[in-house]
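Here the structure is laid out as structure tokens; the discussion comes afterwards.
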Amino acid sequence: MTVSQSFEVHREPVGKRSTAAIRQLLSHFGRSRSRPVGCSVPGGDRYARVSVRTNRYSVPVGLIGRTVRVMLHASEVVVYDGGKEVARHELLIAKGQARLEVDHYLEAPVRKLTPFPAQPRRNRPAPQASSPRP
């Protein structure tokens, strides 16, 4: 059967066709598999995120400052460190969005946050206690 003959067979309106007939027509196209696009990006900024296109995705805090490989699939973003997968996120469609995963931040070392870092005491004499005045 040629292409022109197959179109002549199905001349009724689309709304009146059965779903089986529509599936049979669409089966000729098969399933298209998109190929992933890969790129290397500087691993996590100071907030443990990588930028892919215009969006940001979280990575484990251990990757801050390291270069990672990002594979961009049709519906997800996969981040690799060496040959090991370290993060997998759903692809964000809108621009300027962020996808953060709490588990990536739980590895952060717990430390006391102070406004000024503690300075070591230099060889200063200890303050003298003053005598109380009567």
So which heavy atom on [X] is nearest to which on [Y], and how close?
| X | Y | answer |
| --- | --- | --- |
| V70 | V77 | CG1-CG1, 3.6 Å |
| Y105 | L100 | OH-CD2, 3.6 Å |
| H73 | L91 | O-CD2, 4.1 Å |

Problem - Criterion side chain to side chain donor-acceptor pair (under 3.5 Å) on S58 and R49, from CA distance to verdict - result: CA-CA 4 Å; S58 66; R49 299 177 304 183; over 6 Å; no

Fill in the blank from the handout: Rounded to the nearest 0.5 Å, the CD atom of E101 sits from the CZ atom of R88 at a distance of 11.5 Å

Exercise for the section: Please round to the nearest 0.5 Å and tell me the distance separating atom CG of D81 and atom OG1 of T67. Expected result: 9.5 Å

Exercise for the section: Decide whether L63 and Y47 are clustered together by the hydrophobic rule: side chain heavy atoms of Ile, Leu, Val, Met, Phe, Trp, Tyr closer than 4.5 Å, transitively. Expected result: no

Problem - Pair D45 + R56: basic N to acidic O under 4.0 Å - result: yes

Practice task
For the pair N55 (side chain) and A98 (backbone), establish whether a donor and an acceptor sit closer than 3.5 Å, ignoring hydrogens and angles.
Solution key: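 Judged by distance alone, no pair lies under 3.5 Å.
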
Practice task
List for me each residue that meets side chain to side chain contact (heavy atoms under 4.5 Å, CB included) alongside R99, sequence neighbours excluded, and say none if there are none.
Solution key: Y57, H89, E90, L92

